[in-house]
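The analysis underlying the following values was restricted to heavy atoms, covering all of them including side chains, and did not include hydrogens, waters or symmetry mates.
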Amino acid sequence: MNWTRTIEIAKRYAEEVIALYRQKLVDNPKSQYGDKNTTGNLSNNLDYEVVVSDDEVKVLLYIEDYWKYVEEGRMSGSWPPVNKIEQWIETKPVLPQPNSNGKLPTTKQLAFLISRTIYENGIEPTYYLSESIEYLQEKYIPLFETALEEDAANTAIVMFDEILNW
């Protein structure tokens, strides 16, 4: 099948999903544990690919691995990777508060304290990606239907011409 129109719509859809998701990350970065987009890695490293086969067109989104914790949150009871929290502390930067003895915790100690808080309380989900996809579905479902109809009609015309010229 010739998927020309469907591919065009799929690309526009993916670009709009990424743009809306990026905007939500930038506009709503704060959470109970700080900025969800501190380094900019999540919002700046978004890409897509439209994969085409004989019987389907797929849109694949490429997002940083930790997106799922921003999207779905994290249940209490599991430890996050302390080394990633250390990187976040250094990038942000997080300014530690003196403890009861008046000493400042090291980056490793601070990362452990944050990890323990996440272990105990979890992380609230944002649902920014799923909200972006749901919001755009209403707009794009009719566009996909029309594109599929056009592509099917064009494919049928080409096939019919090939049969006639055989």
Side-chain angles (χ1 to χ4, degrees), residues 3 5-97 99 104-148:
W3 298 102
R5 288 285 295 134
T6 305
I7 292 169
E8 179 184 315
I9 298 300
K11 287 178 180 178
R12 284 183 18 209
Y13 173 72
E15 288 166 3
E16 280 198 53
V17 165
I18 286 173
L20 186 56
Y21 181 52
R22 181 177 286 131
Q23 194 61 50
K24 285 177 178 287
L25 287 168
V26 171
D27 288 350
N28 307 294
K30 298 295 181 197
S31 76
Q32 70 198 57
Y33 299 109
D35 191 337
K36 298 256 186 198
N37 196 40
T38 300
T39 63
N41 282 343
L42 192 55
S43 64
N44 292 332
N45 293 317
L46 298 169
D47 203 2
Y48 72 92
E49 179 182 8
V50 175
V51 178
V52 180
S53 68
D54 288 340
D55 59 348
E56 67 182 358
V57 174
K58 293 182 189 177
V59 174
L60 304 177
L61 294 178
Y62 297 106
I63 306 173
E64 292 290 322
D65 288 342
Y66 63 91
W67 75 273
K68 63 185 168 213
Y69 299 113
V70 173
E71 180 73 7
E72 299 170 0
R74 186 179 189 107
M75 302 244 335
S76 60
S78 65
W79 288 90
V82 177
N83 63 330
K84 297 292 184 183
I85 294 175
E86 285 180 51
Q87 290 173 356
W88 177 79
I89 289 168
E90 291 169 359
T91 303
K92 179 133 179 98
V94 174
L95 301 174
Q97 301 293 317
N99 63 18
L104 288 176
T106 66
T107 300
K108 284 187 182 286
Q109 291 169 331
L110 185 58
F112 172 78
L113 294 171
I114 293 170
S115 293
R116 185 177 63 193
T117 302
I118 293 171
Y119 173 83
E120 292 171 353
N121 302 321
I123 298 175
E124 290 286 321
T126 63
Y127 302 118
Y128 295 156
L129 183 59
S130 56
E131 287 174 0
S132 300
I133 290 169
E134 287 176 27
Y135 175 77
L136 290 170
Q137 277 181 342
E138 189 174 323
K139 173 182 177 181
Y140 274 90
I141 286 175
L143 296 175
F144 275 115
E145 288 172 349
T146 301
L148 286 165

* Could you go through the side-chain contact (heavy atoms from CB on, under 4.5 Å) check for Y140 and E16 one step at a time? => CA-CA 10 Å; Y140 274 90; E16 280 198 53; 2.5 Å; yes
* salt bridge (Lys or Arg N to Asp or Glu O under 4.0 Å) between K58 and E49, worked out -> CA-CA 8 Å; K58 293 182 189 177; E49 179 182 8; over 6 Å; no
* V51 vs V57, side-chain contact (heavy atoms from CB on, under 4.5 Å): CA-CA, chis, key distance, verdict -> CA-CA 6 Å; V51 178; V57 174; over 6 Å; no
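Between W88 and Y66 the shortest side-chain heavy-atom distance does not fall below 4.5 Å. You'll find the side chain of V52 reaches within 4.5 Å of the side chain of I7, heavy atoms only. You'll find the side chain of L46 stays beyond 4.5 Å of the side chain of L61, heavy atoms only. Within the 4.5 Å cutoff, the side chain of Y13 has heavy atoms near those of the I133 side chain. Counting heavy atoms from C-beta outward, L143 and R12 have side chains that approach closer than 4.5 Å. Side-chain contact between N45 and I63: absent, with no pair of heavy atoms (C-beta onward) separated by less than 4.5 Å.
In this structure, the side chain to side chain contact (heavy atoms under 4.5 Å, CB included) partners of S115, at least two apart in sequence or on a different chain, are W79, P80, V82, I85. For Q87, the side chain to side chain contact (heavy atoms under 4.5 Å, CB included) partners are K84, not counting sequence neighbours. For the side chain to side chain donor-acceptor pair (under 3.5 Å) test, residues two or more places apart in sequence or in another chain that qualify with Y48 are E15.
Between L129 and E71, the closest heavy-atom pair is N-OE1, 2.7 Å. Residue W3 comes nearest to D55 through the heavy atom pair CZ2-C, 3.6 Å, listed as atom of the first residue, atom of the second, then distance. Contact between V17 and L136 at its shortest, heavy atoms only, is N-CD1, 3.4 Å. Minimum interatomic distance between V70 and L25 (heavy atoms only, all atoms of both residues): CG1-CD2, 4.2 Å. Of all the heavy atoms in I118 and R74, the pair that sits closest is CG2-CD, 3.7 Å. Contact between E64 and N41 at its shortest, heavy atoms only, is CG-O, 3.7 Å.
Under a cut-off of 6.0 angstrom, the local environment of OH in Y62 is crowded, with over 12 non-hydrogen atoms contributed by other residues, nucleotides or ligands. More than 12 heavy atoms of other residues, nucleotides or ligands lie within 6.0 Å of CD in E120, so this atom counts as buried by the packing criterion.
Interatomic distance, CG of L110 versus CD1 of I89, reported as 4.0 Å (0.5 Å rounding). In this structure, CD on E86 lies 11.5 Å from OG1 on T91, to the nearest 0.5 angstrom. Separation of atoms OG1 (T107) and CZ (F112) is listed at 15.0 Å; rounding is to 0.5 Å. Distance NZ/K139 to CZ/F144: 11.5 Å, rounded to 0.5 Å. Rounding to the nearest 0.5 angstrom, the gap separating the OG1 atom in T146 from the CD1 atom in I141 is 12.0 Å.
Checked by atom type, the side-chain pair Y127/E72 shows no donor-acceptor distance below 3.5 Å.
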